[in-house]
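Handing you a structure now.
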Amino acid sequence: MTSWLLLAAAGAPEGGLFDLDATLPLMAVQVVLLTFILNALFFRPVGKTVEERESYISTSRAEAKQQLAQTERLEADLRQQLREALQQAQAQIVAAEQEMDRLYRSALAAAQAEANGSREAARREIDTQRKLAEDTLNGEADRLGDLIVTRLLAAQ
Amino acid sequence: MVPLPFSLPFAELEVGQHLYWNIGGFQIHGQVFLSSWLVIGALLALVVAGTRKLERDPRGVQNLLEFIWGYLRDLAREQIGEKAYRDWLPFIGTLFLFIFVSNWGGALVPWKLIHLPSGELGAPTADINTTIALALLVSLAYFYAGLSRKGFRYFEYYVEPTPIMLPFKIVEDFTKPLSLSFRLFGNILADELVVAVLAFLVPLVVPLPAMFLGLFTSAIQALIFATLAAYYIGEAVHEEQH
């Protein structure tokens with residue numbers, strides 16, 4: 001393994017901590033290349049993904065907000081309708097009660113009038129009958145009186 | 001008396017030794033490239049595994065990648081600003097990921113098991129060439145960011161708020177890459193050395209706290225490098241309120 005490592009290792013200079021040589025520009029080129037590669041493989045795609053997600057989240061949020069607002073509007077609308085329906089029903093109940101009351105009263109009045117009428121008629125009938133009976137009785141009594149009188153007179 | 005375990009395979013110290021490759025008459029440090037290819041390979045494997053099937057409902061590795069992406073986006077947006085951060089997110093993110101995986105790879109991968117003819121494998125960021133390369137890329141990046149966004153008005157930045165600032169701002173252009181590269185290099189190399197020295201002296205248990213501290217430092221250094229790079233770019237593209 002060391003053979004190919006030593007391949008290019010020519011007469012080694014003395015070295016040292018601050019040994020500046022062609023490593024410097026080559027390393028710079030390497031880092032610049034790495035920057036471009038990482039930009040293409042990492043920064044651009046990941047950035048795109050993250051920003052797409054962020055915009056997706058914000059649009060979803062906006063949509064959800066809009067839908068919420070719409071729902072609230074609908075709810076308020078329905079509440080209003082419900083209240084109106086309740087009021088209407090209440091009014092209808094009151095009207096129906098009044099109507100029923102009126103009908104009851106008129107029916108009662110009619111029935112009472114009819115009852116009074118038939119009672120009156122019955123009374124009149126009774127009166128005429130009684131009168132008739134009285135007349136008949138009186139006539140009968142007169143006739144019997146007359147008969148008694150004529151019989152007594154005849155007997156004397 | 002038990003003699004010091006000098007024979008243990010991992011108790012060796014090599015500083016400043018490199019595996020030299022000669023390419024077209026130029027010397028390069030082979031061990032740095034070997035480990036950096038491993039780092040890049042690991043990064044690409046992770047990225048390819050996680051982005052093969054991107055879905056709206058993330059699953060598996062995609063979650064991790066989206067977390068990383070969100071973290072880096074927040075970092076870039078905070079430092080560079082809402083308007084320009086999109087152009088620079090890949091650069092800042094690549095810096096962070098490369099440095100982070102390099103640092104942790106240097107601390108976590110048992111490189112000692114692979115024997116090189118000369119030098120030893122380790123974090124690519126423990127080599128001054130790598131850190132200077134990264135720092136110079138940052139310098140180029142912020143010059144390019146400023147010039148491409150503002151044209152020659154970019155140089156107004158050197159005399160704002162007052163022309164007295166001109167020499168300081170010019171010096172800053174040199175100190176920025178210097179501090180960036182040496183901070184990263186120094187921290188990572190020092191961490192590796194501390195762990196190596198502790199392991200050299202006491203091979204068991206004792207280096208563990210230093211190793212954990214090293215993991216922490218490594219993560220922090222990656223964050224610092226990426227944040228500063230983003231801050232410099234943000235400074236360059238920042239529009240003064242006139």
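Note that this is a predicted model, so its numbers are computed, not measured.
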Side chains of B:Glu66 and A:Thr49: does their closest heavy-atom pair fall under 4.5 Å?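 They are in side-chain contact.
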Out of B:Leu46, B:Leu43, B:Ile132, return the one with the most heavy atom pairs under 4.5 angstrom to chain A.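 Going by pairs under 4.5 Å, I would pick B:Ile132.
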Does B:Glu172 have more than 12 heavy atoms from other residues, nucleotides or ligands lying within 6.0 Å of its CD?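 Buried by this count: over 12 neighbours within 6.0 Å.
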Got a sec, which pairs hit ring pair (Phe, Tyr, Trp, His ring centres under 6.0 Å) with one end in residues 30-72 of chain A, sequence neighbours left out?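 Every pair satisfying ring pair (Phe, Tyr, Trp, His ring centres under 6.0 Å) with a residue in residues 30-72 of chain A: there are none.
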May I ask you to name which of B:Phe26, B:Phe98, B:Phe33 has the most heavy-atom pairs under 4.5 Å with chain A?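 Of the candidates given, the most pairs with chain A belong to B:Phe33.
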I need the A:Leu33 CG to B:Thr94 OG1 distance, nearest 0.5 Å.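 These two atoms lie 11.0 Å from each other.
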Counting distance only, does the side-chain N/O of B:Asn129 pair as donor-acceptor with the main-chain N or O of A:Asp21 below 3.5 Å?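 Checking the backbone N and O of A:Asp21 against the side chain of B:Asn129, a donor-acceptor pair under 3.5 Å is found.
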So with a 6.0 Å cut-off around OH of B:Tyr231, is the heavy-atom count from everything else above 12?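 Incorrect, the count does not exceed 12.
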Can you measure from CG (B:Leu89) to CG (A:Asn39) and round to the nearest 0.5 angstrom?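 The CG atom of A:Asn39 is 8.0 Å from CG of B:Leu89, to the nearest 0.5 Å.
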Just checking, any donor-acceptor pair under 3.5 angstrom between side chains of B:Ser36 and A:Gln30?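 The criterion, which ignores hydrogens and geometry beyond distance, is satisfied for A:Gln30 and B:Ser36.
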Segment of B:Thr130 engaging chain A (4.5 angstrom heavy-atom cut-off):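 Interface part for B:Thr130: both.
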Quick one: which residue pairs count as a side chain to side chain donor-acceptor pair (under 3.5 Å) with a foot in residues 61-70 of chain A, not counting sequence neighbours?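 Qualifying pairs, neighbours excluded: none.
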Would you say A:Asp19 and B:His29 are linked by a side-chain donor-acceptor pair, where the criterion is simply a distance under 3.5 Å?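 There is such a pair (donor and acceptor under 3.5 Å, judged by atom type) between the side chains of B:His29 and A:Asp19.
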If you check every heavy atom in residues 133-142 of chain B against those of chain A, which residues fall under 4.5 Å?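 The stretch touches chain A at B:Ala133, B:Leu134, B:Leu136, B:Leu137.
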Most contacts with chain A, counted as non-hydrogen pairs under 4.5 angstrom, among B:Gly93, B:Pro124, B:Gly30: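 Heavy-atom pair counts peak at B:Gly93.
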Tell me, for A:Leu34 versus chain B, whether the close heavy atoms (under 4.5 Å) come from the side chain, the backbone, both or neither.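 Contact with chain B involves both backbone and side-chain atoms of A:Leu34.
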State, to 0.1 Å, how close A:Ala22 and B:Ile28 come at their nearest heavy-atom pair, and which atoms those are.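 In terms of heavy atoms, the two residues are closest at CB-CG2, 3.5 Å.
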For the interface with chain B, which of A:Val29, A:Val32, A:Ile37, A:Leu26 has the highest count of heavy-atom pairs at distances below 4.5 Å?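 Of A:Val29, A:Val32, A:Ile37, A:Leu26, A:Leu26 has the most heavy-atom pairs under 4.5 Å with chain B.
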Counterpart residues, ring-ring contact (aromatic ring centres under 6.0 Å, His included), relative to B:Tyr85 (two or more places apart):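 ring-ring contact (aromatic ring centres under 6.0 Å, His included) list for B:Tyr85, sorted by chain: empty.
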Lys/Arg-Asp/Glu bridge criterion (N-O < 4.0 Å) met for B:Glu55, A:Arg53: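 Looking at B:Glu55 and A:Arg53, the cut-off is not met.
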For the pair B:Leu44 and A:Leu38, evaluate side chain to side chain contact (heavy atoms under 4.5 Å, CB included) and give the outcome as yes or no after the intermediate values. CA-CA 8 Å; B:Leu44 290 183; A:Leu38 280 186; 4.1 Å; yes
Rounded to the nearest 0.5 Å, how far does OG1 of B:Thr131 lie from CE of A:Met27?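 Going from the CE atom of A:Met27 to the OG1 atom of B:Thr131 covers 10.0 Å.
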